[in-house]
Number of protein chains: 2
Amino acid sequence: MQLSVDGDAAKKDAPISQSGLVYEALSAAIMKGELAPGAKLSEPAIAEQLGVSRAPVREAIRRLQERGVVHHTANQGARVVAPTLEQFLALLDVREALEGMTSRLAATAMSEEAVADLRALVAEHGTAFSEDPTGPYMQESRDTDFHVRIARGCGNPVLTDLLCVQFYPQLKLCRLQHRGQKGRGLAAWKEHDRIAQAIADRDGELAELLMRRHIRAARAALLQSQGR
Amino acid sequence: MQLSVDGDAAKKDAPISQSGLVYEALSAAIMKGELAPGAKLSEPAIAEQLGVSRAPVREAIRRLQERGVVHHTANQGARVVAPTLEQFLALLDVREALEGMTSRLAATAMSEEAVADLRALVAEHGTAFSEDPTGPYMQESRDTDFHVRIARGCGNPVLTDLLCVQFYPQLKLCRLQHRGQKGRGLAAWKEHDRIAQAIADRDGELAELLMRRHIRAARAALLQSQGR
DNA sequence: GATCTTATTTGTGTCGACACCTTAGTGCTG
DNA sequence: CAGCACTAAGGTGTCGACACAAATAAGATC
């Protein structure tokens with residue numbers, strides 16, 4: 001494990017506090033797979049590696065727990081969660097309901113400007129695909145971008161927070177552990193395009209249907225790639 | 001404010017750790033309204049009142065933040081969240097989707113024994129109602145019980161956790177600040193009864209419909225009582 | 001040689017203290 | 001008298017250290 005606080009943490013809003021730095025460092029390490037699922041988070045070790053005290057480390061671990069990417073047991077420390085396939089599937093089932101609702105609301109609530117941005121994003125992904133048809137990691141980043149925009153545009157702050165703060169980090173971790181789903185990039189892009197179109201048409205019912213189908217398709221691809 | 005650690009904290013699994021005691025004390029104080037929404041949580045004050053250091057207090061506040069009942073801003077401390085009516089409504093909207101799904105799943109996943117327990121609970125509430133038709137607080141406790149049982153029986157751990165850990169505490173806080181909805185107790189009980197029956201009949205589609213209607217009715221009653 | 005017991009070590013939970021920030025109160029200036 | 005700068009108080013963020021629990025390693029017994 002190789003942690004660093006300076007890395008790319010200062011991309012957006014640089015956290016001045018030390019706990020923020022530790023959080024960024026741990027979060028990046030987990031998402032990059034350096035801290036594997038199931039790995040134990042030793043407070044003294046992390047504190048020494050980052051040159052801080054244990055207090056900000058504890059704070060950062062708490063924030064990670066809030067996001068659902070680490071699990072903490074009493075007198076036993078924190079471990080990176082290692083989601084089973086069943087938990088992954090359960091997460092996707094709930095996600096289908098939530099994002100279906102999100103898409104339906106977004107079709108009504110999103111501003112014209114936000115809709116235009118969304119369509120531009122999908123178009124950009126399309127051109128990028130025509131150049132490089134296979135880009136698994138980039139695709140994941142794009143996928144997240146797409147869904148985050150819709151979550152932000154649904155007009156229900158509870159829903160937005162729930163998805164962005166809890167579901168998307170956990171999903172990322174799940175994907176990290178259960179890799180697969182090769183070749184779904186293009187199909188996913190087409191589905192994104194149709195969803196964006198439905199939202200642009202202000203057709204909430206269709207947007208929900210397409211989004212639910214989109215997530216069910218991803219779930220099915222996962223099941224197939226995991227051999228069940 | 002009058003905090004106490006001994007109270008009724010030792011009802012179920014007594015937390016051995018001090019942070020657990022502080023958490024119980026703060027949680028109880030918030031839910032009983034002693035710590036009003038918007039009130040600031042001063043770490044030194046709480047630490048002194050409970051006779052502990054600031055460390056377990058910080059830990060407890062973190063856990064409360066995880067539940068969504070306090071909000072923490074950097075260098076500014078934590079405050080009990082004061083949900084606006086709009087946030088309350090947004091929470092109910094998401095809850096409708098989640099609990100609708102929960103009821104549908106529970107109709108299939110709940111064991112015969114759990115279904116029997118659920119129906120017994122509803123029946124018990126019915127007899128209690130015939131004796132005392134108005135019992136606002138008790139009704140809220142009963143309402144929570146009913147919904148928790150369904151959440152536990154849906155078979156999707158993500159859904160169960162989301163509802164029990166995040167939504168129900170926040171809902172309790174919302175009800176605390178936006179009181180009203182007098183007289184909906186009996187109507188709510190009837191709706192509970194129908195939902196339980198649909199689950200007992202293993203009719204997931206109907207259970208979802210009834211649950212969504214149940215929550216929409218509560219939402220409408222809230223809107224009316226809050227004068228909009 | 002395997003297993004139970006015991007000692008060591010690592011790590012978490014908690015404590016008291018200090019530095020910096022935020023805020024409220026006070027005095028000064030125009 | 002109003003507005004601003006300054007000071008003081010309170011509070012959070014962080015630190016180092018200690019007590020207790022858990023996991024591990026070593027030793028003794030069967």
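The structure displayed is predicted, hence computed values, not measured ones. Numbers restart at 1 for each chain; the letters A, B, ... are given by sequence-line order, proteins then strands.
Checked for salt-bridge contact, Asp143(A) and Arg184(A) miss the test: no charged N lies under 4.0 Å from a carboxylate O. A salt bridge links Arg58(A) with Glu59(B): the closest approach of a Lys/Arg side-chain nitrogen to an acidic carboxylate oxygen falls below 4.0 angstrom.
When distances are taken from the side chain of Glu43(A) to each of dG13(C), dC15(C), dT14(D), the shortest belongs to dG13(C). Of the candidates dC15(C), dC15(D), dT14(D), the closest approach to any side-chain atom of Ala55(B) belongs to dC15(C). For Ser17(B), whose side chain is taken as the heavy atoms from C-beta onward, the closest listed nucleotide among dT14(D), dT14(C), dA21(D) is dT14(C). Comparing dA22(D), dG13(D), dC15(C) against the side chain of Pro56(B) picks out dC15(C) as the nearest. When each of dC15(C), dG11(C), dC15(D) is scored by its nearest atom to the side-chain atoms of Ser53(A), the top-ranked nucleotide is dC15(D).
When rounded to the nearest whole Å, the span between CD of Gln76(B) and C1' of dT12(D) equals 11 Å. A straight line from CZ of Arg62(B) to P of dT14(D) spans 10 Å, rounded to a whole angstrom. Regarding Arg79(A), its CZ atom lies at a distance of 10 Å from the P atom of dA23(D), rounded to whole Å. Atom CZ in Arg58(A) sits roughly 15 Å away from atom C1' in dG13(D) (whole-Å rounding). Atom CD1 of Ile61(B) is separated from atom P of dT12(D) by 7 Å (rounded to the nearest Å).
No N or O donor and acceptor, one from the side chain of Arg54(A) and one from the base of dG11(C), sit under 3.5 Å apart.
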